Amino acid sequence: MTVMKTSMRNFLAHKGRMALSAVAVLLSVAFVCGTLVFTDTMTTTFDKLFQATASDVTVSAKGASDTGETTSRTGKPPVMPASVLDEVRKADGVLKAEGTVFSTSATVVDGDLDKLSPSSGAPTIVGNWNSNEARTMEITSGAAPKGPDQILVDADTADKHGLGLGDEIGVITVVGTHHARVSGIATFTVTNPGAAIFYLDTKTAQQTLVGRTGVYTNVNVTAAQGVTDAQLKQSVAAELRGGYKVQTAKEVADANQQNVNGFLNVMKYALLGFAGIAFLVGIFLIVNTFSMLVAQRTREIGLMRALGYSRKQINRSVLLEALLLGGVGSVLGVGAGIGVAIGLMKLMGLMGMHLSSSDLTVVWTTPALGLLLGVVVTVLAAYLPARRAGRISPMAALREAGAPADVRAGVVRAVSGLVLTAAGCWGLYAAATADTAKDGSAWLGLGVVLTLVGLVVVVPLIAGGLVRVLGAVLLRMFGPVGRMAERNALRNPRRTGATGAALMIGLALVACLSVVGSSMVASATDQLDKTVGTDFIIQSDNEGALINPQAVKAVKETPGVARVTEYKLLEATLTTPDGKVTKDETINAADATYAQDLRTETVAGNLADAYRADSMSVNEDFAEAHGIKLGSAVAVDFEDGTTARLTVRAITSDDVVIDKGAMYASITTAAKYVPADRMPLDLMLFATAEKGQQDAAYKALKSALHGMPEYTVRDQTDYKQALKDQIGQLLNMIYGLLALAIIVAVLGVVNTLALSVVERTREIGLMRAIGLSRRQLRRMIRLESVVIAVFGALLGLGLGMGWGATAQRLLALEGLTVLDIPWPTIIGVFIASAFVGLFAALVPAFRAARMNVLNAIATD
């Protein structure tokens, strides 16, 4: 009980000094709990949506996916004849059956040809208005579509794009463009997580999406009273006698949820990974806080030992303080985590994915995990300072308060740190010289962990020398104030090292990712310059969307275009000369001019020969795995056609980025074995301008496709910029998440300086008494903070660039051969770290300058 009272008294006496450590725990726990609440809420939202929209039993065409996605190689959804509806109605246990048709591969535009697709990546769905949709949507304005000139729009899409009754809308599919006017607006009665949904009447939907009436993509079946979904499925399947996919509501919902869970799990574990980094940085802050508090209470602890307190009691007292700190920070963090989750939901709302606060899901495991993590991490971080406190002897009561107990790191610490760092460097070397990316990745991971841990351990040894160098470069120009700032930073290398190491972790990751991202862009750009021989690439920005024949014709008829290459993907099963059968292989079928459009390196043969009749190419790995040589025959069983025996005329190198691992054949060869009505549409087109006509052809192509906004024309400059933007957006998102760890590290600098000021109260009073002005005092503390921040930045950026350069060597095995150091980013981060130091010192410097000189001198 005495230990508990002592711990409580000390905790309350130093609550101001522990506040920033509590904030670090709060932020880390909040991020963990916020992530879990957010992803649980998204799961709940999709669960409710899928359960509400699924009929008791759904019948769909055999080629349809389990999740209802309707993109196909023809650009049309898989369909079944309307006669299936009559057969289903005959099955036992059927109360009602209704045919539906819908597609997720349509592009919808307004009267100005601006796309009405969601910006969140959610699908655009066009279908027929039916009773199943009426279960989850209520028409709140206008009426349901009747006739070909009417269309119904969901309220979220109407609000986002300012659509009203009577506005014109165009639905673009491979069949053509259908124009209609908004007849009604429907509001979801369940949460709509961002999809844009448009409804036509049944006949118009069939004609617009499929090109003919009398077909359905699905039949929604409702069970009679007392009939289970499983019984209904069995009777419907028996009536249809195969050939169609029959699923219960649970099976449809589970398939959709499984598809969504893949995305949610990636998001959840990525966010938790960044929360873990914040926790790691927070450990340094907590260790520093308790180390400094223990050092400042040396005389107090010595007196307690003289009065009879045992080492275990002192140790336990410090750990109880940590327990209180972790408990308070974690409780507040759990509450803040719910706020973080709501904030993430609002952010997703701005991106177009609407999540209702009524679906907010907080399961008991989330706060339990947050509390457990926060408390355990805090107590573990305080363990070493607690042990150090327990070793204080009663004689310490006679020493000067605040005297540092351990100025230099011990021999064991130095040796272990150097060994770990050396082992990590060896791991990075092994990764850089690995023969395969898979083997190298394991070495890279080991090298990153060991170099990070090794530097953290050895950083007090580095701190002294590096701070002296930085002092000579940055501080000496400030005269005596600069020299005092340098000496303050050198006073306790362990403290300076731990504070700098916290900042080092976040900046090392920033530098590593910057190098990797910049190298990826530079490598891909280099590959484009070396291999792409065409001027323009035409494709849809909608994932999975194909190019319709009208667009192909428009491109081919564009003035100034010398040649156009079509490019298709065909699924096939291959039987190789060694007798092995490989399923789900993709044949990249293109016009023979593709050999000029893409200068792919070969290890045997000439790629142009692969486009001869009944010929093909295979990639290097596939050839080695199956003993294929030039002249070998491969049986190619096209999924939508018959079996061909194609002769291998070229073996392509795997040391490429574009079309890595592709197998090529000509469209003419594929057309011999795949019927015209089952031949896939083009995935993209390649166009080459007449000599000297590039600019004119570029403008002409854009003009020719102006009425088809689903397609984008890019020249090589556009393509490079699009690639750079994609990687840049990803990196910016990662940098934003890493900002949490950097914020915690900044709190560590603030806390270190604040506690250092308290520790040096008497010293500050004496300096003020002999003539140091308040302005000089503030400058001294700011300069000390800048040195610590720059010290951490140097370590972090140097370490991160080493990691990034090693990672690039692994990317080189995948064809990304250019190492590019983004010096503007590195230099910008380094300069920003100095401003971070200035910012972190504002409050401690202000408090130090306000001290009463006489009271400070009288401090014991």
Side-chain angles (χ1 to χ4, degrees), residues 49 52-53 68 70 77 98-211 213 217 349-354 356 540-542 545 548 706-711:
L49 177 67
T53 55
T70 60
E98 183 178 26
T100 65
V101 58
F102 78 100
S103 175
T104 57
S105 58
T107 300
V108 183
V109 296
D110 61 16
D112 296 324
L113 298 181
D114 293 326
K115 294 180 185 177
L116 302 178
S117 303
S119 56
S120 63
T124 298
I125 302 173
V126 180
N128 68 316
W129 178 251
N130 55 76
S131 59
N132 193 61
E133 302 298 331
R135 292 165 49 198
T136 57
M137 300 190 77
E138 177 186 357
I139 298 177
T140 52
S141 179
K146 295 178 181 178
D149 60 341
Q150 296 186 357
I151 191 168
L152 181 70
V153 185
D154 75 270
D156 293 333
T157 301
D159 290 341
K160 180 179 179 180
H161 296 282
L163 297 175
L165 297 179
D167 287 348
E168 184 179 352
I169 284 180
V171 179
I172 305 171
T173 67
V174 294
V175 176
T177 301
H178 176 78
H179 296 280
R181 294 191 177 275
V182 177
S183 66
I185 296 173
T187 303
F188 280 91
T189 56
V190 295
T191 300
N192 169 30
I197 306 182
F198 304 86
Y199 297 103
L200 302 160
D201 69 78
T202 300
K203 283 188 176 181
T204 305
Q206 291 169 334
Q207 191 64 50
T208 301
L209 303 177
V210 186
T213 58
T217 57
L350 294 175
M351 295 171 62
M353 181 175 285
H354 305 289
S356 172
S540 172
D541 289 334
N542 295 337
N548 63 40
H706 176 71
M708 304 178 191
E710 69 271 34
Y711 305 122

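Only a predicted model underlies this, so the values are computations on that prediction, with no experimental measurement involved. Here, residue 1 is the first one in the sequence, and each next residue gets the next number.
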Going by side-chain contact (heavy atoms from CB on, under 4.5 Å), name the residues that satisfy it together with [X], two or more places apart in sequence or in a different chain.
X    : answer
D167 : L163, V182
S117 : K115, T124
T202 : N128, Q206, Y216
D201 : K203, T204

Ignoring hydrogens, what is the shortest heavy-atom contact between [X] and [Y]? Give both atom names and the distance.
X    : Y    : value
A143 : L152 : O-CD1, 4.0 Å
P709 : L113 : CB-O, 3.6 Å
A106 : S103 : N-OG, 4.0 Å
A195 : D154 : O-OD1, 4.0 Å
P148 : A180 : O-CB, 4.0 Å
G211 : V175 : N-CG2, 3.7 Å

Test side-chain hydrogen bond (donor to acceptor under 3.5 Å, both in side chains) applied to [X] - qualifying residues, sequence neighbours left out:
X    : value
R181 : none
S141 : none
T177 : none
Q207 : none

Residue pairs involving residues 132-156 (criterion ring-ring contact (aromatic ring centres under 6.0 Å, His included); sequence neighbours excluded):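 Matches after skipping sequence neighbours: none remain.
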Any pair counted as ring-ring contact (aromatic ring centres under 6.0 Å, His included), so long as it reaches residues 174-205, sequence neighbours left out: W129-Y199
Look up atom [atom1] in [X] and atom [atom2] in [Y], then write down how far apart they are to the nearest 0.5 Å.
X    : Y    : atom1 : atom2 : value
M137 : T189 : CE    : OG1   : 8.5 Å
L116 : I197 : CG    : CD1   : 13.5 Å
S540 : N548 : OG    : CG    : 10.0 Å

Between the side chain of [X] and the main-chain N/O of [Y], is any donor-acceptor distance below 3.5 Å?
X    : Y    : result
D112 : D114 : no
T208 : A205 : no
T217 : F102 : yes

L200 side chain reached by Q150 side chain, heavy atoms, under 4.5 Å: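 Contact flag for Q150/L200 side chains = no.
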S183 side chain reached by K146 side chain, heavy atoms, under 4.5 Å: no
Among I169, T157, V153, side chain to side chain contact (heavy atoms under 4.5 Å, CB included) partner for V108: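 Looking at I169, T157, V153, the match for V108 under the side chain to side chain contact (heavy atoms under 4.5 Å, CB included) is I169.
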